[in-house]
Structure formats: structure tokens, C-alpha cells
There are 2 protein chains.
Amino acid sequence: MPSNKTTQCLAFEHHDHQRCQSRLLSAAKQLCHSQNIRLTERREQVLQILLQSHQPMGAYEILGQLNQNPDVSMVAPPIVYRALEFLLSVGLVHRIECKNAFIGCAHPGHASAAQFLICKGCEKVAELDNPTTSLQQEASQVGFMIDHSVVEITGLCAECQADG
Amino acid sequence: MPSNKTTQCLAFEHHDHQRCQSRLLSAAKQLCHSQNIRLTERREQVLQILLQSHQPMGAYEILGQLNQNPDVSMVAPPIVYRALEFLLSVGLVHRIECKNAFIGCAHPGHASAAQFLICKGCEKVAELDNPTTSLQQEASQVGFMIDHSVVEITGLCAECQADG
DNA sequence: TGGCATAATGTTATATTATAACGTAACTTA
DNA sequence: TAAGTTACGTTATAATATAACATTATGCCA
């Protein structure tokens, strides 16, 4: 049995990203359908752009990609921000605070407080899927009621370390 | 012996802030002196402004306070950002990513990866002083080499919960 | 002490990120 | 189909941050 020590860091492993991407898109559609919320064309466009890679994108970068399509008329920032607002609220996208950027959720539906490993080398971001951390325990020890948590670890992934 | 369960969350406790402030300023001076780096007047001004409260401040808010002094000529954003850059590099100030804001370090010299509890009620921020977390362990388990970590927990402090 | 190198500050302009405000179109449901 | 709601489009502008270059202060040592 192969070691699975990195199986929760898909972003840092070689994988069939085509499949990864379509799996996440299907999951998104299903999730929205089951919750009776609308994944409109715009929202889906933005989600698809984010799912193209495991790298976070700025809002204006997304905007740029939307506007690359010459068939469609140019759109302005609020379009993107509104789609992102929706996707964030549903948990299909996360915000990477330390980069003012956005990334597709790697574990849609798991709701939990996400934690990110952000590689400075390849700029990919892995989303850990661990529910409770010691932090949450500490917070409650001092009587703090958690609403939302941001955990972003920057550094070098294994491969980028090897590449020097 | 009184419970010390919250002693590391000074920000959320009633305390003599006058003393807190001057203690941190002295510590900063000492730290810079011992490391032979210059805490210039500008840098000290900015640090003092941040030490006035346990609430994070945006760069332009700091700028506003600097420019409140009618004796001195107006300064422009780069002044503030440069002072902040210095103070961040020395570890006298931290950046609160989820607010694009800055806060005086509550434990100067401890170097460690800081973790913040951010209250939505009183807007105060407590800096935990815990060295290694389970996160760091997890990161190294997947071969990730940590450079910097951002841990920001938003919610309600005990007092704000009580206040309804 | 004077002159050089470096570090810090000051100034202007502009880049980047985000949202307010208001109008139009589309969907939903009675 | 009318009314209410949600989503989208458009314009303008707010808020955050930095590039580039000029000036001043500091440290150093010949």
C-alpha cells in the first residue's frame, strides 16, 4: 500500500487536472442544485476560471480572462466581485487573504475551516481538509467564540525544495 | 491563585494600557538598540500610533493620525508604508491580512509565528504567543517547508459575547 | 574635519484592489 | 401577466499600495 502522506495536498502532486477540474465543477453544480441556489452562467464562468489551476487569482486577473473572449462584450469589476461573493458564500471558492486573491475550493461541501499551504515556488496552493485544530481549542479556552478562521502557511512545497 | 486562563489575551482584558503601551515602547527601543538598528523618529511615531490601542489600523488611518499634528507638514503614503515595512521586518508590528491593517506586536522579540484572535465586537486583536502548532507539524508531514504563517481567527471575545 | 557611501525621508504620480450607486434584464410565483 | 425579487450591467470613485526619483541625514574613515 502506497504511502498516503500527501494525499490531502493534491495541488502539490502530479495528477490528471482535467479530471480534477471537471470533478469539482460537477460537485459545484450538484451542490447548488441540491441547495436550490443558482449557479448562473456568469458564476460558473468565474468558477471555471478559478478551477483551471491550483493557483490563486486576483479579481482583475479573472476579469482579464473573462474579457479575453472576443465574442462577448467586456465586463467591469463588479461583475467579477459579485460572482466571487456568491461563490465564497456558498463555499465553492476561498479567499487567500495574504494575496488578495481567490481559489477554487478543493473540498466543496466540507464546510470546515480551511487551511492553506501556499508555495512561493510554483505558486500553487493546497487546501488541507482538517476539521478542528488546536487553535480552535485554545480560542475556546480563553472564551473566544470563533466565527471564521484564516490559516495560510507560506513556504516551499516538496517539489520546489527539490528543484532548489 | 487567580485563574490565568486568559493571561495571554491581554487585549481582551482590562488593564493599565498606559503602562502596557510604555512597556512595549521601551521594549522596542531596547530591541533596536541591542540589534544596532535605528528606531528613527518617524518609525517611533508610527509605532506609538499603533500602540495606542489593541485595534489594528489601516495605513491611511495611521497617515491621518500623523497628519493631525498641525505643527508638522503633511506626509504622504510612502512615509507610512516605509515605516511599517521596517517595523514589520523587525517584528515590532504585525500585519492583519484579513483587514489589510497593522497592529503593534504584543510580544516583541519572541519571533514566533503569531496567531491572532480578532473580535468583531470591540475590534480588538489579541496576539497569542504559542510557538508550534499542529499545523506546523502537518505541514512538515507533507514535506512543506514553512516560511511564514498567517493565523487569524475572527469571532467574539468573552466580553462582547456577554454584552450580547 | 571634510568628503564619500549609505540609509532614511520626502514628493509626485500612478498602480492595484474593491465598492457605491443606480439602471436594466431575467427569473419566480401568485 | 403583473409584482417582487434576484442577478447582471455600467459608471464612477473609494481604499490600499508602490514605483520612481529628489533630498536630507547619518556613519565612517582617510
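Because the structure is a prediction, the values reported are computed rather than measured. Just so we're on the same page: letters track the sequence lines, and every chain starts at 1.
- Identified under the ring pair (Phe, Tyr, Trp, His ring centres under 6.0 Å) test for residues 102-123 of chain B, with sequence neighbours left out: B:His94-B:Phe116, B:His107-B:His110.
- The nucleotide range of DNA chain C contacted by chain B, defined by atoms under 4.0 angstrom from heavy atoms of the protein and reported 5' to 3', is C:dA8 to C:dT12.
- Here D:dG9 is the nucleotide among D:dG9, D:dA20, D:dA17 with the atom lying nearest to any side-chain atom of A:Arg82.
- Residue-nucleotide stacking is present for B:Tyr60 and D:dT16, judged by a side-chain ring centre under 5.5 Å from the six-membered base ring centre and planes under 30° apart.
- Nucleotides of DNA chain D nearest to B:Lys99 and A:Met74 differ in position, and the one nearer the 5' end is that of A:Met74.
- In this structure, the separation between CG on A:Leu39 and CD on A:Gln30 is 12.5 Å, given to the nearest 0.5 Å.
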So B:Lys99 and B:Glu152, salt bridge (charged side-chain N to carboxylate O under 4.0 Å, His left out) or not? Walk me through it.
-> CA-CA 10 Å; B:Lys99 294 189 157 260; B:Glu152 298 172 358; over 6 Å; no
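- Residues A:Pro78 and A:Gly58 each lie close to DNA chain C; by heavy-atom proximity, the contact nearer the 5' end of the strand is made by A:Gly58.
- Taken residue by residue, residues 27-52 of chain B places heavy atoms nearer than 4.0 Å to DNA chain C at B:Arg38, B:Thr40, B:Arg42, B:Arg43.
- Side-chain N or O atoms of A:Arg42 include none that pairs as donor or acceptor with a backbone N or O of A:Ile79 at under 3.5 Å.
- As rounded to whole Å, 12 Å separates atom P of D:dA17 from atom CD of B:Glu61.
- Following rounding to the nearest Å, A:Phe86 (CZ) and D:dC8 (P) show an atom-to-atom distance of 9 Å.
- Rounded to an integer number of Å, the gap from A:Asn100 CG to D:dT18 C1' is 14 Å.
- Between B:His54 and B:His17, the ring-plane angle classifies as perpendicular under the 30° and 60° cut-offs.
- In this structure, A:Glu85 places its CD atom 13 Å from P of D:dT6, rounding to the nearest Å.
- Distance CG (A:Leu63) to P (D:dT10): 12 Å, rounded to an integer number of Å.
- Atom CG in A:Leu66 sits roughly 11 Å away from atom P in D:dC8 (whole-Å rounding).
- Distance alone, capped at 3.5 Å, places no donor-acceptor pair between the A:Glu127 side chain and the A:Ala114 backbone.
- Here A:Met145 contributes atom CE and B:Leu117 contributes atom CG; the two are 13.0 Å apart, rounded to the nearest 0.5 Å.
- Between the B:Gln55 side chain and the B:Glu123 main chain, no donor and acceptor come within less than 3.5 Å of each other.
- The backbone N or O of B:Ala28 sits nowhere less than 3.5 Å from a side-chain atom of B:Glu44 that would complete a donor-acceptor pair.
- Separating the CD1 atom of B:Ile79 from the P atom of D:dC21 is a distance of 18 Å, rounded to the nearest angstrom.
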